[in-house]
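What follows is a set of notes on a single structure, which appears directly below.
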Number of protein chains: 2
Amino acid sequence: MTDHAHTVNVFEEVMARLRGADQRFTPARRELVTTLLAAAGPLSITEILAVTEKIPQSSIYRNLAVLESAGVVARIMSTDEFARFELAEALIGHHHHLLCQVCGAMSDVTIPHEIETQLDTTLNKLAIANGFALEHHRLDLVGKCSKCL
Amino acid sequence: MTDHAHTVNVFEEVMARLRGADQRFTPARRELVTTLLAAAGPLSITEILAVTEKIPQSSIYRNLAVLESAGVVARIMSTDEFARFELAEALIGHHHHLLCQVCGAMSDVTIPHEIETQLDTTLNKLAIANGFALEHHRLDLVGKCSKCL
DNA sequence: ATGAGTGCAAAGGCTTTGCATTAGG
DNA sequence: CCTAATGCAAAGCCTTTGCACTCAT
């Protein structure tokens with residue numbers, strides 16, 4: 001997620017979404033978006049704090065909440081207690097996660113389009129059969145990352 | 001997960017696993033297993049409390065922790081803050097979840113074997129390509145359940 | 001008797017909120 | 001100027017832990 005051509009579009013899109021939600025694109029929010037954009041996967045508050053040391057924790061929480069309600073950021077839970085944050089899929093594309101059970105790190109991965117498409121087809125049928133209105137799916141690979149092997 | 005023939009095996013397996021972990025199968029633990037077995041999906045502490053009203057919250061937490069370390073129960077996080085608990089897949093089989101964004105309920109579903117197999121193949125390749133030791137995967141369908149439509 | 005399990009209450013840790021201050025439009 | 005955003009500290013909420021009591025072996 002470090003492609004520069006995309007980066008420009010991401011920032012424009014973020015600005016548009018914040019405007020649409022009557023919210024400003026403040027320096028703190030810009031730094032949060034930059035941090036999430038540079039990350040290899042969803043970040044915990046602790047990880048975000050380590051990078052953006054000048055922003056107080058409460059501001060991080062509050063701004064992430066604003067960004068989330070503006071559709072810029074997605075908040076996800078992994079296996080542990082604390083939340084992780086990433087840019088919304090509308091901004092960085094649909095993807096999945098490698099979740100390390102040892103260090104807790106999450107990193108982004110994508111699966112081949114054909115598999116994704118076939119999976120979607122199957123899941124849609126499954127949803128219909130259960131009277132469920134499917135909006136999206138979440139697929140995580142759980143195991144040990146290369147650093148923890 | 002209410003098939004009686006399986007129920008017997010589940011209880012035997014639970015007893016075996018608790019014995020293996022040097023833990024007793026106390027009435028409270030039996031009631032927790034029964035509750036989880038009867039559920040249509042993973043339950044939150046609140047939901048468990050509503051069913052097993054006589055067991056204090058701390059005992060529920062403590063017993064679920066014992067059951068988890070004995071490999072009987074799995075603790076999972078959905079989108080909200082609080083944990084949910086279900087019987088381990090070794091006991092009730094591999095499955096996925098329908099996750100309602102409105103009421104937060106999770107219910108179990110299975111996908112066709114062929115799709116599951118093909119998905120496993122793909123994910124294994126993906127894991128190898130990323131130097132990741134894959135242990136298992138988690139697939140959730142996120143949307144609105146039939147009650148919340 | 002002896003250690004595991006239980007139950008109540010207090011403490012922990014991540015997250016949210018109140019309120020006075022600051023800054024952007 | 002005036003509202004939104006900020007920063008610090010206090011409060012909330014789910015969860016864990018301490019400690020004395022009870023029960024089964």
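Residue numbers start from 1 in every chain, and the chains themselves are labelled A, B, ... in the order their sequence lines are given, proteins ahead of strands. Quick note: numbers below take in every heavy atom, side chains included, and nothing from hydrogens, waters or symmetry partners.
- For the residue pair H95(A) / E86(A), a side-chain donor-acceptor distance below 3.5 Å is found, with atom types taken as modelled.
- A search for side chain to side chain contact (heavy atoms under 4.5 Å, CB included) contacts involving Q57(A) returns I45(A), L49(A), Y61(A), not counting sequence neighbours.
- Taking 4.0 angstrom as the limit, S59(A) places a side-chain polar atom (N or O) nearer than this to OP1 or OP2 of dG7(D).
- Salt bridge status for R75(B) with E81(A): present, with a side-chain N to carboxylate O gap under 4.0 Å.
- Following rounding to the nearest Å, I55(A) (CD1) and dA5(D) (P) show an atom-to-atom distance of 15 Å.
- Following rounding to the nearest Å, D22(A) (CG) and dG25(C) (P) show an atom-to-atom distance of 14 Å.
- A28(A) comes within contact range of the sugar-phosphate backbone alone, with a heavy-atom separation under 4.0 Å but no base atom that close.
- Applying the 4.5 Å side-chain rule to ILVMFWY residues, one finds that L149(A) remains a lone member of its cluster.
- When atom types are taken as modelled, the side chain of R29(B) and the backbone of R24(B) share a donor-acceptor pair closer than 3.5 angstrom.
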### Task
Heavy atoms under 4.0 Å is the rule here; annotate nucleotides 11-25 of chain D 5' to 3' with B where the base is hit, S where only the sugar-phosphate is, and - elsewhere.
---SBBBBB------

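- Separating the CG atom of D80(A) from the C1' atom of dG13(C) is a distance of 13 Å, rounded to the nearest angstrom.
- For the pair L67(B) CG and dG5(C) P, the interatomic distance rounds to 11 Å; values are reported in whole Å.
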#### Entry: Pair H96(A)-H137(A), ring-ring contact (aromatic ring centres under 6.0 Å, His included): steps then yes or no
CA-CA 9 Å; H96(A) 302 289; H137(A) 67 260; 5.3 Å; yes

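- One atom, CD of E53(A), and another, C1' of dG7(D), lie 17 Å apart when rounded to the nearest Å.
- Here N63(A) does not reach the OP1 or OP2 of dA5(D): none of its side-chain N or O atoms lies under 4.0 Å away.
- Per the geometry, CG belonging to L18(A) stands 13 Å off C1' belonging to dA5(D), to the nearest Å.
- When rounded to the nearest whole Å, the span between CG of L64(B) and P of dT6(C) equals 12 Å.
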